[in-house]
Each structure stands twice: as structure tokens, then as C-alpha cells.
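Data block below; observations after.
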Amino acid sequence: MKIKQIMKILEAEAIGAQHDNRDIKTGCGSDLMSDVLVFTRPGSVLLTGLTSRQVIYTASTAGVEAICFVRGKTPPKETVELAKEKKIALMTTNFPMFESCGRLYNKGLIGCSEPAGVSEK
Amino acid sequence: MKGKTWLFGTSESVGKTKGKTQRLPRSQKTKEVQKTHQLSYELKIKEAMSKKVLTLKPNRTMMDVRKVLKDHRFTGIPIVESGRLVGIVSIEDLINCLRAGSMETRVKDIMTTKVVTLFSDEPLIHAINKFGSYGFGRFPVLDRDSKKLIGIITKQDIIRCLLSTLQSLYHARESKKGNRYQAARLFADLPSDWTTMILKYHVKGGDFGKAGEKSDQLKGNLLKLGYSDEQIRRLIISALEAEMNLVIFTSGGDMIAQIEPGKITVKVIDNGPGIPDIELAMQPGYSTAPDFVRELGFGAGMGLPNIKNCTDEMKLESRLGKGTNLEFSVYA
């Protein structure tokens, strides 16, 4: 699923650089960075309510390609700058976590534990 | 496939420049030609076309056409009315008018109205094929949605685009070669009974603004050393968890990464406060972290269990009031 499509489904706005055509394979929703680190597959979009720099370090380590901040949150400048350096796409949606996940899942974006999601390389 | 022949002819003659020395070895030549061929499918016409297009309105005369063609050394010009392409006039039309002495004729009475065009989002190969099957020197390029004229493409544009793309690919590959060492090769070049490289990082306690930075630096360095993302993923996850532990619970400590053939080990050393019950700390979900740490998304009691799950070896020693020594390794 292209980032462009994800943004449309979540009625999301891009923050910073646009990466519209990047292909996202799986999705993950969590505010628990330890879970993101261990259970997220590379090439995922991360839905989270956290906006600190640690989210970017965590995403970068886990190979997350895009982060969508839920419930209308916008990250501070330092977070946006770090994301730019790490080439991670950022966006924000007004939908809360559960609905954001549901919308994407409903449109066919699979989770990180599903067999077809296990497509590392 | 005329177009294809033309393309191959071009790239071969590039490799063949005069004399004997310039010739590329056969395998490399084939590779370059294949790459050009591949690029002609990947690149879009809009990337190669000229965006500045000189046009004339249909009510202009052939005198105007003569001036534009002469001034710019063009051999044809698109005729446009309110953004829409309505025809094309070529140098041949001009010659016919000159011969007939009818230079006052309006462009609209002379122009070719059935113009062969291309859309800007079509692959370059479509342009190459069209140059092969029609004898024209240029094709006007339209936007698929608005049908408006947004560019023009000639053979020269295509050659220029392919060459500059090949050049930037070449540069990208060269610069990648330049700053990439291979850890394995470096070790092999230094015969000894045991070779290792140590990278030491100091992590400040309580500095949440910078938490995560050192693991990120370690990751960058390992990538520079030639390790792949996949090889070091589990190690960096563990390093990030350990770094967060230092920031959250201690007044600071060191992370020492030891790189040796086949294995990377990280030692995490601090001076306190120490873990009262290691068995309990190893239980998933057990945490003593304060609320503000949880608000950062950490401190949920998954750190040490995560490290255990992600590494091939793990040792943890702690003495209350003295400090904690954590050591983990990943085979890479």
C-alpha cells in the first residue's frame, strides 16, 4: 500500500518531506516502544500517540518506513528533524488509534504477525 | 522493432569511440546496454522532455514561423490555442510556402492537425519506439489529465537523459564504494590470533532528550563497517533497550561494543543503583519505571526480556548500590 493511499484512508496530513510513493507492507499500532522494536517488521507504518525523538530512534531501529501520529498530535521540531535525517515519513491523523488501525486493516493492510507480513527481503 | 535497434545502436557507439583503447569488455558492455534498456522502461517521458516549449497561435502567419525556426534553429513548432495543442508546423511546410510565395498564409490553414503526441507519464521506451516508426524529429508531450501541452521531446533529449541518469548511477556506486569498508576483509588483512575493534560510548543518566542517540551511532558505524541492516537489527534493538535503561535508572554508564570476526558483543556498565531481584526484572512486564518514563513509551518492563530474546548470548550481573554489568552478543 502506498503512503499516498494510507494518507487518504486516514485523512492524514504529511509533516515535513513527502514520500508519497513509498510502498508500505505492514502496519503496527503501539505506544509501547519495546513492543515496536521487537514485533514490527521492516517496511511497516507505525501508528502511535507518542511524539518524542525516541519514537524516531525506535522506528529507525525497527525499520519502520512511516509514522502516523494519531488523534491529531503533531511532533515537536526535534522529532521532525530527526525523522528527516532518518528518511522516515511522518503524518498526522485526527482519528484515534483504534479507528486508524481499523481503517487501514479494513482496506487490506496486514499486521506484522500475519504470515504474508513475514516478508523480510 | 526499429526503435529498439536505434537504442542499441546508440549505446554501442558510445562504448566504441574511436581507436582501440576505449572498448569495454564484452560482459560490461552488455550490462551497460541492458541498463540503458532497463532505464528506458523505468524513466518517464516527463523526465527527459524539454519543458520550455516555444509555440505559436493558429492565427499567426508563415512569416512568424520562419522567424522562430530561424532564430532557434528548430525544424518544427507546435501550434497551441489556450493551452491546447491544435497542430504542428514543420520546416517542410515552410519550404513549400516559400516556393509557392505564400508566406502570408495563416498557420491554421497549413498546419498538420493530426499530431502524433505522447503523454508525460508514458515510459521513455514509447518515445523511442515512436521515433523508430515515424520519421518525425520531435513529439509534443501532453498531460494525460488536462490534455494540455507541457513539453516536447527529441532524440537528443532522450540521449541526454539516459546519459545523465547513467552518470548519476555511476557516481552513486563509486561514492558508496568509497566509504564502505568490509569489517570481515579488514580483519582478514590483519593476521593475528585474535583481532577485535572496540567502540565505546558514554550514556548520560536522565538525559531523555538524547536517549537513543548512542545506539543510533553504533548502528551507523556498523553499517559503515559493511554489516547489513538484517545482521545487526537484533543487536541494535538490544542496544537501544540497554541505553534506555541507563538513561532511566542510572546516573550514567558506558556501552562498549566489541567487534570481532563472526560476533559483536556489547557490554553495558554502570555504577548503580543495581537491580534488587534479577529474576523479577527478567519477567516480561515487571517494571519499576516512573510514570514519566512510561509516557516516553519505555519502562513497560519489556527491556531486559527483549534483550534476552534478541541476542545469542546474554549475561547479567548486578550488585545493589554498586552497579550492573550487562553483556550481550549477536553472531554476525
Side-chain angles (χ1 to χ4, degrees), chain A residues 4 20-21 23 25-26 28-44 46-65 67-71 73 75-88 97 112-113 118-121, chain B residues 42 44 121 203 207-220 222-223 228-248 266 283-287 289 291-311 330:
Chain A
K4 208 193 301 183
D20 282 0
N21 282 318
D23 204 26
K25 297 181 197 83
T26 45
C28 153
S30 181
D31 288 344
L32 210 53
M33 292 302 111
S34 290
D35 281 357
V36 174
L37 280 175
V38 174
F39 298 114
T40 307
R41 300 260 159 214
S44 292
L46 167 66
L47 301 164
T48 186
L50 298 174
T51 58
S52 66
R53 280 161 59 92
Q54 279 71 40
V55 176
I56 308 296
Y57 283 129
T58 302
S60 162
T61 303
V64 166
E65 299 265 349
I67 301 173
C68 182
F69 301 106
V70 295
R71 227 155 52 76
K73 287 184 181 137
K77 214 174 74 197
E78 310 88 75
T79 304
V80 179
E81 274 164 17
L82 189 62
K84 189 178 164 197
E85 188 188 316
K86 300 286 164 205
K87 300 191 172 58
I88 294 173
M97 176 76 99
C112 292
S113 69
V118 191
S119 59
E120 295 185 58
K121 284 224 166 144
Chain B
E42 286 172 4
K44 298 276 182 269
D121 59 356
V203 179
D207 188 353
F208 288 93
K210 295 235 168 99
E213 202 178 78
K214 305 294 177 170
S215 303
D216 188 56
Q217 274 178 16
L218 174 62
K219 179 183 172 183
L222 290 175
L223 290 176
S228 72
D229 257 322
E230 281 311 306
Q231 277 178 304
I232 59 170
R233 185 179 149 89
R234 290 180 300 130
L235 185 87
I236 299 301
I237 289 175
S238 308
L240 185 55
E241 291 282 12
E243 183 177 355
M244 289 311 297
N245 280 347
L246 287 181
V247 175
I248 298 168
V266 177
Q283 268 179 29
Y286 176 82
S287 175
D291 281 347
F292 76 93
V293 170
R294 292 170 195 253
E295 277 161 26
L296 290 171
F298 285 90
M302 291 307 297
L304 289 171
N306 269 359
I307 296 175
K308 174 129 186 90
N309 286 333
C310 282
T311 53
V330 164

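Letters go in sequence order (proteins before strands), and every chain restarts at 1.
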Would you say A:Arg53's side chain and B:Lys210's backbone share a donor-acceptor pair under 3.5 angstrom?
no

Give, as side chain, backbone, both or neither, the part of [X] having an atom under 4.5 angstrom from any heavy atom of chain B.
{"X": "A:Thr48", "answer": "neither"}
{"X": "A:Leu50", "answer": "side chain"}
{"X": "A:Ser60", "answer": "both"}

Separation between CE (A:Met33) and CZ (B:Arg294), nearest 0.5 Å, reads 14.5 Å

B:Lys44 atom NZ: more than 12 heavy-atom contacts under 6.0 Å
yes

Would you say that more than 12 heavy atoms from the other residues, nucleotides or ligands in this model lie under 6.0 Å from the NZ of A:Lys86, or not?
yes

What are the two closest non-hydrogen atoms of [X] and [Y], and how far apart are they?
{"X": "A:Leu37", "Y": "B:Arg233", "value": "O-NH2, 4.1 Å"}
{"X": "B:Ala211", "Y": "A:Gln54", "value": "O-NE2, 2.7 Å"}
{"X": "A:Thr61", "Y": "B:Leu240", "value": "OG1-CD2, 3.7 Å"}

Select one option (side chain, backbone, both, neither) describing which atoms of B:Glu295 are under 4.5 Å from chain A's heavy atoms.
backbone

With a 3.5 Å cut-off and sequence neighbours excluded, list the donor-acceptor pairs that the side chains of residues 296-310 of chain B form with protein atoms.
unit_1	atom_1	unit_2	atom_2	d
B:Asn306	ND2	A:Ser34	O	2.9
B:Asn306	ND2	B:Glu241	OE2	2.9
B:Asn309	ND2	B:Pro305	O	3.3

Under the side-chain contact (heavy atoms from CB on, under 4.5 Å) test, residues paired with A:Glu85 that sit two or more places apart:
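With sequence neighbours excluded, A:Glu85 shows a side-chain contact (heavy atoms from CB on, under 4.5 Å) to A:Leu82, given in chain and number order.
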
